[in-house]
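First listed ligand is number 1; within each ligand, the first listed atom is number 1. In this chain, residues are counted from 1 in sequence order.
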Amino acid sequence: MHILSLFSLAAIASVASALSGCGKPIPRYFPAPGQSKTLPLPGTDRTYRIHIPANYNVNNRTAVYFSFSGAGRNATEQEGLSQFSNPQFNPDGIAIYPQTQNGVWLSNPKANTSYPNDLDYTNHLLDYLEENLCVDTGRIYANGKSNGGGFTNVIACNATVGSRFAAFSIVSGAFHNAVNVPGVGFCEPAPRKGGYPFLFFHGTVDQTAPINGNASAGILPVIDILEQWAHFNGCGLDSLWTSNVTTFAHPLVKHVSWACDGRNGIVQFYREGNNGHCWPCTRPNDDYISLGLSKCPMGHYVFNATDYIFDFYSQYRLDV
Ligand SMILES: *[C@@H]1O[C@H](CO)[C@@H](O)[C@H](O)[C@H]1NC(C)=O
Ligand SMILES: *[C@@H]1O[C@H](CO)[C@@H](O)[C@H](O)[C@H]1NC(C)=O
Ligand SMILES: *[C@@H]1O[C@H](CO)[C@@H](O)[C@H](O)[C@H]1NC(C)=O
Ligand SMILES: *[C@@H]1O[C@H](CO)[C@@H](O)[C@H](O)[C@H]1NC(C)=O
Ligand SMILES: *[C@@H]1O[C@H](CO)[C@@H](O)[C@H](O)[C@H]1NC(C)=O
Ligand SMILES: *[C@@H]1O[C@H](CO)[C@@H](O)[C@H](O)[C@H]1NC(C)=O
Ligand SMILES: *[C@@H]1O[C@H](CO)[C@@H](O)[C@H](O)[C@H]1NC(C)=O
């Protein structure tokens with residue numbers, strides 16, 4: 001009896017994930033095309049914010065761009081910071097801003113690791129989106145800022161959830177060295193042909209998640225995570241980042257690009273001279289305004305990280 005009910009649950013789960021929202025009208029409680037809304041995720045105690053592009057077509061498979069907020073920040077703030085709902089950057093894709101359970105994401109030692117944890121939530125949210133909207137399952141992408149960036153790394157390190165995302169980007173990532181947290185203690189991405197494309201941004205004067213780490217706060221140097229993904233992508237001993245600094249138009253910025261197994265630029269890093277824990281933008285966004293000149297001395301930055309993120313993503317899709 002018990003075995004039978006487990007079996008039927010598994011059967012229901014596999015049928016559910018095979019359902020597609022293509023050809024169906026947008027559920028009435030979703031935002032209209034061109035708009036955003038914060039919604040509860042059915043079957044959970046969690047919420048998420050969603051933006052549907054103005055040109056959404058129920059018969060056209062649509063890309064999905066996740067952006068996870070920093071610790072203590074919320075989904076609406078992340079929408080403003082990332083600009084993922086702005087058609088200037090993302091004219092055609094669905095933007096998703098997941099909401100933390102208690103202010104932090106898995107990777108932060110304060111995160112709740114009990115089932116259903118942030119990985120389970122993300123996996124469930126993806127199932128739900130694919131069932132209700134016309135999602136291109138080959139074009140689902142993960143991004144995060146700070147602790148949300150640490151969680152983006154955790155996602156890629158999980159074979160089940162990471163396999164659903166075509167490429168990853170991290171802005172000012174906080175990579176906690178917490179052994180009880182999947183992603184740091186054990187990073188086990190599922191092997192896949194195209195590898196794990198990763199784009200990183202980090203400021204050299206970041207005081208919250210210092211670029212060279214902070215051992216007493218349990219934060220790893222960014223180079224450790226870059227080399228981890230260069231390694232998983234097959235770069236082997238060639239993964240020393242100093243060997244491949246490319247020139248960049250602005251002298252403050254160093255751009256580093258790894259070519260692994262012939263995949264040029266599969267791991268890339270923008271090292272932002274004189275920037276703090278602020279999402280790079282040529283206009284002062286909420287990070288520059290709230291952290292101020294003492295923490296982000298330039299008051300804005302010399303490029304828009306969001307431009308580079310969508311350019312990077314456009315080069316990658318999964319074969320599904
Ligand atoms: C389908 O979506 C793509 C972008 O994902 C867009 O370029 C194309 O114009 C869309 N086609 C239709 C018929 O809506
Ligand atoms: C998100 O944060 C902003 C700014 O702190 C606040 O105004 C807003 O009410 C918050 N939204 C939610 C849903 O908590
Ligand atoms: C941790 O998460 C579980 C599952 O969502 C929940 O039942 C529990 O209340 C959470 N604990 C805390 C302290 O938030
Ligand atoms: C990966 O995530 C899935 C879905 O949330 C979960 O069931 C599984 O236990 C995770 N694996 C590891 C090694 O944490
Ligand atoms: C490192 O973290 C500790 C503990 O949180 C903090 O007191 C210290 O100021 C941090 N050091 C730097 C260089 O950020
Ligand atoms: C470094 O760049 C050279 C070309 O300048 C390229 O042949 C080599 O594969 C690159 N190495 C890595 C690890 O990216
Ligand atoms: C950067 O993005 C902002 C909107 O967030 C826009 O106003 C600005 O013109 C963009 N800068 C460049 C150089 O495209």
Side-chain angles (χ1 to χ4, degrees), residues 20-23 26 31 33-34 36-41 45-65 67-82 84-85 87 89-104 108-110 129 133-141 145-148 150 166-167 172-178 202-222 276-277 279 285-291 294-296 310-311 313-318 320:
S20 153
C22 292
I26 301 177
S36 304
K37 209 166 171 182
T38 299
L39 294 172
L41 179 60
D45 61 356
R46 308 285 296 262
T47 64
Y48 65 102
R49 188 163 178 83
I50 176 172
H51 178 86
I52 297 184
N55 62 2
Y56 177 75
N57 171 341
V58 296
N59 295 310
N60 197 12
R61 293 194 175 270
T62 303
V64 179
Y65 302 99
S67 190
F68 294 90
S69 73
R73 299 302 175 103
N74 67 41
T76 310
E77 291 172 293
Q78 187 59 17
E79 181 176 43
L81 194 60
S82 68
F84 275 26
S85 302
F89 300 104
N90 174 22
D92 302 316
I94 295 161
I96 299 292
Y97 310 93
Q99 176 65 43
T100 64
Q101 186 187 42
N102 57 4
V104 291
N108 186 308
K110 294 189 194 105
L129 295 169
L133 292 168
C134 193
V135 169
D136 185 343
T137 53
R139 289 191 300 146
I140 298 171
Y141 304 89
K145 158 101 202 280
S146 193
N147 178 208
S172 315
F175 304 105
H176 290 271
N177 186 15
H202 215 99
T204 57
V205 298
D206 188 324
Q207 296 169 33
T208 308
I211 191 164
N212 293 320
N214 179 341
S216 57
I219 293 178
L220 294 167
V222 175
H277 199 63
W279 182 292
N285 59 26
D286 280 355
D287 271 355
Y288 290 97
I289 294 163
S290 63
L291 294 176
S294 66
K295 293 194 168 158
C296 295
F310 282 96
D311 279 356
Y313 287 165
S314 71
Q315 301 166 49
Y316 298 102
R317 59 178 307 141
L318 294 175
V320 288

Distance-only side-chain donor-acceptor flag, N214 / S216, under 3.5 Å | yes

Would you kindly say whether S67 and Q78 are connected by a side-chain donor-acceptor distance under 3.5 Å?
-> yes

Test your reading of the structure: does [X] have an N or O sitting under 3.5 Å from an N or O of ligand 1?
{"X": "R61", "result": "no"}
{"X": "N55", "result": "no"}
{"X": "D92", "result": "no"}

So do the side chains of [X] and [Y] get within less than 4.5 Å of each other, counting heavy atoms only?
{"X": "S290", "Y": "E77", "value": "no"}
{"X": "I96", "Y": "I50", "value": "yes"}
{"X": "D287", "Y": "K295", "value": "no"}

Candidates I140, L129, D136, V64 - the one meeting side-chain contact (heavy atoms from CB on, under 4.5 Å) with I94 = V64

Give me the one residue out of P31, S36, S69 that meets side-chain contact (heavy atoms from CB on, under 4.5 Å) with R49.
-> S36

With a cut-off of 4.0 Å, which atoms of ligand 1 are near a heavy atom of R139?
-> 5 (O)

Give yes if a backbone or side-chain nitrogen or oxygen of T76 is under 3.5 Å from a nitrogen or oxygen of ligand 2, and no if not.
-> no

Identify all pairs of nitrogen or oxygen atoms, one from ligand 5 and one from the protein, separated by less than 3.5 Å, and list them with distances.
unit_1	atom_1	unit_2	atom_2	d
ligand 5	2 (O)	N214	OD1	3.3
ligand 5	2 (O)	N214	ND2	2.3
ligand 5	11 (N)	N214	ND2	2.9
ligand 5	14 (O)	N214	ND2	3.4

OG-OH distance between S314 and Y141, expressed to the nearest 0.5 angstrom = 7.5 Å

